[in-house]
Novice: 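Here it is: the structure, laid out below.
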Amino acid sequence: MLKIYNSLAREKQDFIPIIAGKVNMYVCGMTVYDYCHLGHARVMVVFDMVSRWLRASGYEVTYVRNITDIDDKIIKRALENQETIGTLTQRFIDAMNEDAAKLGVIRPNLEPRATEFVEGMVHMISTLVSKGFAYAADNGDVYYSVKSFDGYGKLSGKSLEDLRAGERVDIDLHKRDPLDFVLWKAAKPDEPSWDSPWGKGRPGWHIECSVMGEHHLGNHFDIHGGGQDLQFPHHENEIAQSEAAHGCTYVNYWMHNGFIRVINEKDGQDEKMSKSLGNFFTIRDVLRKYEAEVVRFFILRAQYRSPLNYSEHHLDDAKQALTRLYTTLKNVPPAAVAIDWSAPYAARFKAAMEDDFNTPEALAVLFDLANEANKTKSPELAGQLKALAAIVGLLEHDATGFLQGRLADEMSDANADTHALSPADIETLIQARLTAKQTKNYAEADRIRKELLENGIILEDTPQGTTWRSA
RNA sequence: GGCGCGAUAGCAAAAUGGUUAUGCACCGGCCUGCAAAGCCGUAUACCCCGGUUCGAUUCCGGGUCGCGCCUCCA
């Protein structure tokens with residue numbers, strides 16, 4: 001039985017879908033005005049892993065991940081760049097899809113864009129106004145009245161009094177309550193706008209997810225995910241909007257992934273990677289130096305709710321670990337096997353995944369399996385390793401290709417082959433060394449091996465001949 | 001100020017009321033012409049103080065430190 005840590009209940013709960021055998025899942029995606037950073041990579045990889053596991057468990061999954069293609073920052077950036085909002089957002093949507101593909105992220109079933117659902121948003125806002133949960137202010141904005149919704153604060157564990165006591169609530173004369181949030185923003189001159197009963201304007205941020213979720217998954221669905229920073233206010237506001245509009249529970253299980261953190265140069269302490277702190281690394285930055293699967297492995301080796309510290313040292317470490325797994329697949333060619341969930345390793349893997357997606361534990365099972373496969377030289381066990389890893393989107397590449405660093409096109413943004421030596425050059429040197437070895441000219445053989453090592457090539461002599469890999 | 005999360009060996013990271021996590025790094029051995037890879041083995045932990053218990057890293061209380069949310073953020 002799958003258990004999921006539900007942010008709403010603050011505990012792990014048995015996962016029971018609304019419709020047997022079917023899972024409807026919505027994840028808050030990106031606001032597309034810049035390249036995705038590692039934090040975005042974590043959301044994409046984590047929920048990709050979740051959807052893969054649900055499917056492997058036999059569920060029919062509808063996975064929706066939205067794209068926010070209209071908001072203040074997008075408008076500002078387009079203006080700065082002197083380009084249209086449409087070209088700006090399309091450019092970064094394309095970039096996001098490229099990054100995601102390299103990370104082994106399967107496309108969600110649906111990727112709705114906010115601008116395609118403005119009509120639905122106007123409709124939901126009208127419903128909220130007519131039910132008394134929202135009001136139009138005299139400046140043309142429409143606000144949600146938080147105190148009209150009894151459950152406000154249930155997701156984030158905050159009470160209205162606590163929030164009012166907070167130091168950072170800004171005063172807005174148009175709001176009846178400082179905590180009220182905007183559903184509809186009156187258009188300023190030269191801003192993109194849509195018609196509405198309240199005049200020309202554009203939607204607030206929170207309403208888009210309520211509407212797109214409803215449109216694709218219904219008024220009540222199973223799982224809603226996103227980064228921890230969205231728990232409040234974004235997800236809290238979504239609940240307020242949707243439950244007030246529909247009069248029923250919005251989402252059963254709320255999942256929030258932890259942050260990527262980086263060391264702050266000033267004080268040496270870890271802090272959240274974020275756009276506002278300006279301390280982020282884009283996925284592209286990282287892929288110039290590391291294969292995407294290393295990044296995926298790095299993300300999955302931590303439990304999704306834990307903070308994850310980013311550093312090159314940690315990625316180097318992840319690369320070594322992944323190399324061990326691929327080395328096993330190289331040394332023990334895997335047989336094509338179907339997973340038998342009652343087999344010992346598969347059963348342990350499954351138990352780990354069912355415990356709130358405990359990927360560190362699941363990966364530990366893969367290493368135990370690799371050890372056993374190395375020991376027994378069993379293609380069957382190597383096949384199990386490959387099959388289980390594939391469920392979390394790992395070890396899906398050619399082992400030799402990975403080990404030789406020849407997956408540049410599909411795995412990284414590095415400029416093709418970084419080796420000074422071509423595979424043909426390497427092969428020639430390997431043959432020269434072999435000849436030297438046969439004449440017991442070990443000094444020459446070792447010289448050649450050293451020359452290769454200086455070019456980042458490590459040799460491995462096996463009973464089947466000499467193979468090489470990238471250092 | 002309010003609310004919440006965390007502290008595990010050199011690094012990273014899980015589980016667990018008593019029995020090897022796992023990976024990287026390290027040390028010894030096997031294998032190898034020597035290496036590499038692989039295998040075998042050793043070593044290194046559970047923030048501090050109390051409590052519960054036959055027994056706590058694991059449960060409870062307090063403390064210290066770190067992190068996050070309360071404002072746009074994955």
Novice: Do NZ/NE/NH1/NH2 and the carboxylate oxygens of D72(A) and K188(A) come within less than 4.0 Å?
Specialist: no
Novice: By the 4.0 Å heavy-atom rule, please label H313(A) as base, sugar-phosphate, or nothing.
Specialist: sugar-phosphate
Novice: Touch check for D317(A), heavy atoms < 4.0 angstrom, all strands: base, sugar-phosphate only, or nothing?
Specialist: base
Novice: Among C70(B), G33(B), A74(B), which nucleotide sits nearest the side chain of V43(A)?
Specialist: A74(B)
Novice: If I pick the C1' atom on C34(B) and the same atom on C11(B), what distance separates them, to the nearest angstrom?
Specialist: 31 Å
Novice: Kindly assign one of parallel, tilted or perpendicular to the pair H37(A) and F280(A), based on the angle between their ring planes and the thresholds 30° and 60°.
Specialist: tilted
Novice: Could you check whether S306(A) gets within reach of a base, just the sugar-phosphate, or nothing at all, counting any heavy atom under 4.0 Å?
Specialist: sugar-phosphate
Novice: Which part of the nucleic acid does K330(A) contact within heavy-atom distance under 4.0 Å: base, sugar-phosphate only, or nothing?
Specialist: nothing
Novice: I want to check one thing: is the phosphate of G38(B), taken as OP1 and OP2, less than 4.0 Å away from some side-chain N or O of R324(A)?
Specialist: yes
Novice: How is G225(A) classified with respect to the nucleic acid when contacts are heavy atoms under 4.0 Å: base, sugar-phosphate, or nothing?
Specialist: nothing
Novice: Please state whether the phosphate of A35(B), meaning OP1 or OP2, lies under 4.0 angstrom from any side-chain nitrogen or oxygen of T466(A).
Specialist: no
Novice: Nearest to the side chain of Q269(A), heavy atoms from C-beta on, is which of C67(B), G33(B), A74(B)?
Specialist: C67(B)
Novice: Taking RNA chain B as the partner, which of residues 368-384 of chain A come within under 4.0 angstrom of it by heavy atom?
Specialist: D368(A), N371(A), N374(A), K375(A)
Novice: Is the shortest side-chain N/O distance from K272(A) to OP1 or OP2 of C69(B) below 4.0 Å?
Specialist: yes
Novice: Please determine, for the side chain of A321(A), which listed nucleotide (G23(B), C73(B), A14(B)) has the closest atom?
Specialist: G23(B)
Novice: Looking for any heavy atom pair under 4.0 Å, which part of the strands does R305(A) touch: base, sugar-phosphate only, or nothing?
Specialist: nothing
Novice: Please tell me which of the listed nucleotides, A74(B), C70(B), C72(B), lies nearest to the side chain of L230(A)?
Specialist: A74(B)
Novice: Take atom P in C26(B) and the same atom in A37(B), then report the distance between them in whole Å.
Specialist: 10 Å
Novice: Say you draw a straight line from CD1 of I106(A) to OH of Y63(A); how long is it, rounded to the nearest 0.5 Å?
Specialist: 10.5 Å
Novice: Quick one: sort the W53(A) and W341(A) rings into parallel, tilted or perpendicular, breaks at 30° and 60°.
Specialist: perpendicular
Novice: Is the Y35(A) to F92(A) ring centre distance short of 6.0 Å?
Specialist: yes
Novice: Scan E161(A) against the nucleic acid and name what it touches under 4.0 Å (heavy atoms): base, sugar-phosphate only, or nothing.
Specialist: nothing
Novice: Could you please name the option among G33(B), A12(B), A37(B) that lies closest to any side-chain atom of N331(A)?
Specialist: A37(B)
Novice: Measuring to OP1 and OP2 of A74(B), would you say a side-chain N or O of K275(A) lies under 4.0 angstrom away?
Specialist: yes
Novice: Looking for any heavy atom pair under 4.0 Å, which part of the strands does R433(A) touch: base, sugar-phosphate only, or nothing?
Specialist: base
Novice: Could you check whether M273(A) gets within reach of a base, just the sugar-phosphate, or nothing at all, counting any heavy atom under 4.0 Å?
Specialist: base
Novice: Would you say the side chain of S276(A) and the base of C72(B) hold a donor-acceptor pair, judged only by whether the two atoms sit under 3.5 Å apart?
Specialist: yes
Novice: Between A37(B) and R469(A), is there an OP1 or OP2 to side-chain N/O distance shorter than 4.0 Å?
Specialist: yes
Novice: Under 4.0 angstrom, heavy atoms only, what part of the nucleic acid is F232(A) near: base, sugar-phosphate, or nothing?
Specialist: sugar-phosphate
Novice: Aromatic rings Y250(A) and F221(A): how do their planes relate, parallel, tilted or perpendicular, breaks at 30° and 60°?
Specialist: perpendicular
Novice: Please tell me which of S156(A) and D229(A) maps to the more 5' nucleotide of RNA chain B, matching each residue to the nucleotide holding its nearest heavy atom.
Specialist: S156(A)
Novice: For the side chain of T327(A), counting heavy atoms from C-beta on, which of G38(B), C11(B), A74(B) is nearest?
Specialist: G38(B)
Novice: Say we look at C49(B) and A56(B): how far apart would their P atoms be, to the nearest angstrom?
Specialist: 14 Å
Novice: Dot-bracket, RNA chain B: Watson-Crick or G-U, under 3.5 angstrom, [ ] crossing, | other strand?
Specialist: (((((((..(((.....[...)))..((((.......)))).....(((((..]....))))))))))))....
Novice: Starting the side chain at C-beta, find the nucleotide from C72(B), A74(B), A14(B) nearest to K73(A).
Specialist: C72(B)
Novice: Just checking I260(A): base, sugar-phosphate only, or nothing, at a heavy-atom cut-off of under 4.0 Å?
Specialist: base
Novice: Checking all strands, does Q303(A) fall into the base, sugar-phosphate, or nothing category for heavy-atom contacts under 4.0 angstrom?
Specialist: sugar-phosphate
Novice: With heavy atoms under 4.0 Å as the rule, sort R42(A) into base, sugar-phosphate or nothing.
Specialist: nothing
Novice: Which is true for Q320(A) with a 4.0 Å heavy-atom rule: it touches a base, it touches only sugar-phosphate, or it touches nothing?
Specialist: sugar-phosphate
